[in-house]
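Any value given below was found using the heavy atoms of this structure, including those in side chains, with hydrogens, waters and symmetry copies removed. If you're wondering where the values come from, they're calculated on a predicted model, not measured in any experiment.
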Number of protein chains: 2
Amino acid sequence: DFGAARELDDDEKFVSVYGTEEYLHPDMYERAVLRKPQQKAFGVTVDLWSIGVTLYHAATGSLPFIPFGGPRRNKEIMYRITTEKPAGAIAGAQRRENGPLEWSYTLPITCQLSLGLQSQLVPILANILEVEQAKCWGFDQFFAETSDILQRVVIHVFSLSQAVLHHVYIHAHNTIAVFQEAVHKQTSVAPRHQEYLFEGHLCVLEPSISAQHIAHTTASSPLTLFSTAIPKGLAFRDPALDVPKFVPKVDLQADYNTAKGVLGAGYQALRLARVLLDGQELMLRGLHWVMEVLQATCRRTLEVARTSLLYLSSSLGTERSSNVAGTPEIQELKVAAELRSRLRTLAEVLSRCSQNITETQESLSSLSQELVKSRDQVHEDRSIQQIQCCLDKMNFIYKQFKKSRMRPGLGYNEEQIHKLDKMNFSHLAKRLLQVFQEECVQKYQASLVTHGKRMRVVHETRNHLRLVGCSVAACNTEAQGVQESLSKILEELSHQLLQDRAKGAQASPPPIAPYPSPTPKDLLLHMQELCEGMKLLASDLLDNNRIIERLNRVPAAPDV
Amino acid sequence: DFGAARELDDDEKFVSVYGTEEYLHPDMYERAVLRKPQQKAFGVTVDLWSIGVTLYHAATGSLPFIPFGGPRRNKEIMYRITTEKPAGAIAGAQRRENGPLEWSYTLPITCQLSLGLQSQLVPILANILEVEQAKCWGFDQFFAETSDILQRVVIHVFSLSQAVLHHVYIHAHNTIAVFQEAVHKQTSVAPRHQEYLFEGHLCVLEPSISAQHIAHTTASSPLTLFSTAIPKGLAFRDPALDVPKFVPKVDLQADYNTAKGVLGAGYQALRLARVLLDGQELMLRGLHWVMEVLQATCRRTLEVARTSLLYLSSSLGTERSSNVAGTPEIQELKVAAELRSRLRTLAEVLSRCSQNITETQESLSSLSQELVKSRDQVHEDRSIQQIQCCLDKMNFIYKQFKKSRMRPGLGYNEEQIHKLDKMNFSHLAKRLLQVFQEECVQKYQASLVTHGKRMRVVHETRNHLRLVGCSVAACNTEAQGVQESLSKILEELSHQLLQDRAKGAQASPPPIAPYPSPTPKDLLLHMQELCEGMKLLASDLLDNNRIIERLNRVPAAPDV
């Protein structure tokens with residue numbers, strides 16, 4: 001207990017007690033509050049109990065051990081809660097008169113610490129809110145564990161699919177694998193399914209390297225986790241549940257207390273409104289990034305497909321019948337015709353793939369347009385300003401109440417004003433909660449639903465693009481094989497022709513080529529044009545480079 | 001003048017004056033301050049003059065019209081400055097005793113308004129700080145012009161090459177072309193050279209569409225302008241120049257005034273330190289984005305080049321001599337051999353291009369690594385905290401001085417403490433300015449130099465990639481042409497062979513094909529394998545899609 005302290009002599013044990021009883025170790029509580037004769041001497045670790053209760057109180061705004069009606073109403077139950085608490089539990093409450101004791105192993109929903117920090121804090125609380133001295137940590141371990149938290153770095157991870165922002169506490173010297181495991185623990189997304197985006201781009205994290213390679217994150221610029229998890233959104237306690245009601249009559253102290261409670265709930269609503277709006281922004285921005293990444297994939301696949309198509313078209317040839325009537329069948333020509341027909345089929349598949357990607361690009365673009373509109377709506381949202389405005393007015397009245405409660409009584413006029421203030425205050429609180437519920441929560445929930453739908457479209461599009469990408473790759477591989485066979489056959493045919501002619505030459509003069517050889521004149525012209533174009537471009541770019549270099553030599557010093 | 005006001009009757013003209021003389025219209029100044037007999041009656045527009053001086057004072061922290069020694073020291077010069085001011089000038093000063101009057105047509109460097117807002121404000125100031133009643137605006141125009149500013153939206157534009165953040169004021173209904181022109185005015189980058197990035201990705205702005213399509217920007221998430229302009233960095237006035245010195249003796253009022261001046265300069269240093277650090281962050285982030293965009297270009301070009309290479313390799317054939325000794329030359333075979341040799345050359349060029357892109361990717365990656373390290377350094381920078389810490393301590397002493405100056409005198413001990421405080425205050429100010437100069441300014445300037453170098457590398461890399469991309473495209477076009485010719489020739493040859501054989505068949509039995517026809521067995525096997533693989537993949541993806549769909553059907557509602 002921190003209420004009063006004096007230094008103990010080396011051979012002296014702590015025996016007396018003084019302070020707030022809710023923070024007392026059960027042994028001290030037994031003696032000081034329940035006045036039971038007890039011969040146990042207290043070790044210094046009883047202070048750890050008080051630290052534990054204090055930490056819990058600071059983290060949650062409420063005490064960990066609460067008998068029905070409050071800690072001071074039922075002291076025997078209070079003693080039972082603290083002594084019967086199972087190992088690992090960090091809080092206990094009796095919710096009904098003479099009801100059973102209920103244990104908590106986690107911090108409550110009202111705790112404003114991040115889940116990441118909670119997961120670090122809970123084991124500490126469990127080990128210092130431990131009545132058995134043998135199991136309870138000593139100060140050394142307590143300091144070691146709390147220092148360990150302080151030495152950790154926070155990495156902000158926004159799970160895009162779930163729409164939840166996480167704070168991941170790791171050591172800078174940990175590997176990415178450790179980080180991924182910590183993310184797994186908080187998001188239930190297995191490391192092999194974790195994909196990350198940062199500032200608009202995919203970032204590949206190699207599990208074996210140090211976590212120091214993760215860029216510096218903030219709550220508004222987090223590492224964005226892309227996975228197939230389903231939307232959860234933020235879980236929170238409705239502040240309306242914590243709004244006390246004014247008593248009908250004028251009671252300066254009670255009115256002040258009520259106003260304070262209402263104001264607290266109002267500020268809680270403001271905080272939540274901000275978090276909900278930030279969440280919407282993160283959802284929309286993350287989606288925007290994923291869209292851009294998908295668009296890049298589209299562009300890449302499309303270019304490959306188009307290149308393939310051009311190459312294919314150049315070797316398809318005409319569909320001229322390969323057999324002159326009445327000639328013996330040549331096996332190779334038949335095969336060549338089959339192969340060409342196959343190439344034509346592949347070209348059709350590739351062309352369909354291209355078409356398909358173009359359509360995907362269009363639907364992605366229209367979804368992006370939708371996102372831009374949604375982001376505009378988020379930026380134009382004024383609910384936070386409205387809540388802030390109510391709070392400002394409420395705060396003004398609250399300060400009046402704070403002054404009034406110190407006075408012995410109010411005159412008639414002052415009392416009328418006080419009554420009016422109470423009414424105004426209640427109206428403002430109602431308006432505030434209405435804005436929170438109808439503007440913030442409902443919009444957030446609607447945005448979660450839309451987000452879920454959009455994420456589904458994104459996943460479908462990505463799978464679809466993967467499929468199309470595989471098709472293109474498969475077509476390419478097959479087409480290349482077919483082309484190779486075709487090339488071999490045609491070469492073979494040329495060889496045969498040569499041999500035939502060689503034989504013929506020995507017998508008869510060589511036949512005059514029946515067709516003029518196709519001079520690649522146009523082709524040469526085209527090549528020359530291209531070369532000229534390239535040379536011009538190259539010299540332009542060289543000029544540019546020279547200009548840039550020259551400009552950069554000008555020393556860059558601002559006016560100081 | 002706002003000092004005192006009363007309503008004028010309809011037929012009454014304003015004749016008397018009362019207030020701070022620095023804000024007076026020259027006509028009123030002449031009568032009220034210089035006491036010259038004057039028959040001019042004042043129109044209501046004299047108030048606009050005072051509004052102008054007030055606006056100037058608020059925007060810059062100093063008065064617009066300053067004779068040597070200050071406005072109250074030389075009233076004749078003050079009158080001359082205000083009456084001789086040329087049209088368009090918004091400020092005038094006499095810098096030496098009896099020196100010439102110097103005119104300003106822009107706001108000074110100490111003005112903390114963005115250049116964008118300054119460019120909106122200056123014409124207003126010029127038109128209301130106008131002594132000729134005929135030229136001076138009326139209230140109607142003044143209100144119209146100021147309302148026009150208020151109706152504009154701000155778009156934050158960070159010129160990456162120049163390392164300067166701009167605030168561009170346009171109307172939401174303006175077109176992108178108007179926006180680009182406004183950017184041109186502030187950055188000197190012509191609209192056709194303006195390329196933009198937003199949140200990591202290129203964003204193409206169509207000049208004819210509405211500026212509403214520009215995403216919502218903030219100072220920390222601006223639209224990033226990419227151009228070939230050279231680094232300028234932030235221009236600012238060194239706060240050290242504005243630090244007054246303490247008088248040696250104890251003078252409570254003077255010490256208080258000095259402390260106030262020093263503190264003001266300190267806060268200015270803090271503000272600048274933040275701006276300089278934010279500037280570094282924006283430079284590094286913008287570069288990171290450009291790198292990512294370049295990497296995407298690399299990937300795309302590389303895939304195209306590789307696809308082309310595979311197609312080419314399949315139609316190169318073997319380098320078997322096309323002529324059997326002692327046979328008549330066949331023109332087509334000669335051309336085919338030439339075309340193939342050309343294809344081989346093209347394949348080599350493409351292969352070199354691929355190699356080249358791979359090397360570019362590596363150098364981009366190492367530059368990205370460098371950027372990550374630089375960003376870490378920026379995030380670890382503690383200079384702002386150090387300056388803040390000095391300011392907190394200085395503020396504490398300043399408050400002491402503020403209290404002391406109201407007292408009649410100090411006792412011996414108090415005076416000793418006051419002297420010590422003065423010394424401490426000076427030390428803190430020195431330390432603050434040292435941190436600002438050595439940590440903030442020097443680091444910023446070093447980062448500007450590095451930024452310039454990196455921007456040069458980025459531009460060179462981009463030009464290089466464009467060149468390589470053109471090479472790849474040119475190779476592809478040429479290769480496709482060559483392949484087409486080759487295909488025609490081989491077809492022609494086949495046709496000739498057929499005709500030869502047909503002739504031969506009439507004379508002699510067809511020769512048995514000397515080689516076994518190349519059965520495309522391996523090829524078929526390969527195709528089948530690929531098809532199987534594709535089917536498996538397709539069914540996997542379908543399964544995935546089904547799972548996602550099912551999961552998404554779970555309604556997404558957070559606990560409220």
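Among A:Arg285, A:Arg306, A:Gln295, A:Gln212, the residue with the largest count of heavy-atom pairs under 4.5 Å with chain B is A:Arg285. With chain A as the partner, the residue from B:Leu486, B:Asp376, B:Asn476 showing the most heavy-atom pairs under 4.5 Å is B:Asn476. Ranking B:Ala163, B:Ser220, B:Ser308, B:Ala240 against chain A, the residue ahead of the rest is B:Ser308, based on heavy-atom pairs under 4.5 Å. Top candidate by heavy-atom pairs under 4.5 Å with chain A, chosen from B:Thr301, B:Leu310, B:Val372, is B:Leu310.
Heavy-atom distances place both the backbone and the side chain of B:Arg299 under 4.5 Å from chain A. With a 4.5 Å cut-off on non-hydrogen atoms, B:Gln369 touches chain A through its side chain but not through its backbone. Proximity to chain B (any heavy atom under 4.5 Å) is restricted, for A:His288, to the side chain, taken from C-beta onward.
Contacts of B:His213 classified as ring pair (Phe, Tyr, Trp, His ring centres under 6.0 Å), with partners at least two apart in sequence or in another chain: none. Taking the ring pair (Phe, Tyr, Trp, His ring centres under 6.0 Å) definition, one finds that B:His201 meets it with A:His201, sequence neighbours left out.
Considering only heavy atoms from C-beta on, A:Ser487 comes within 4.5 Å of B:Arg340 through its side chain. Within the 4.5 Å cutoff, no side-chain heavy atoms of A:Arg375 are placed close to those of B:His216.
Taking each heavy atom of B:Thr307 and A:Val304 in turn, the nearest pair found is OG1-CG1, 3.4 Å.
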B:Leu312/A:Tyr311 under side-chain contact (heavy atoms from CB on, under 4.5 Å): CA gap, chis, key distance, verdict: CA-CA 8 Å; B:Leu312 274 184; A:Tyr311 271 98; 3.9 Å; yes

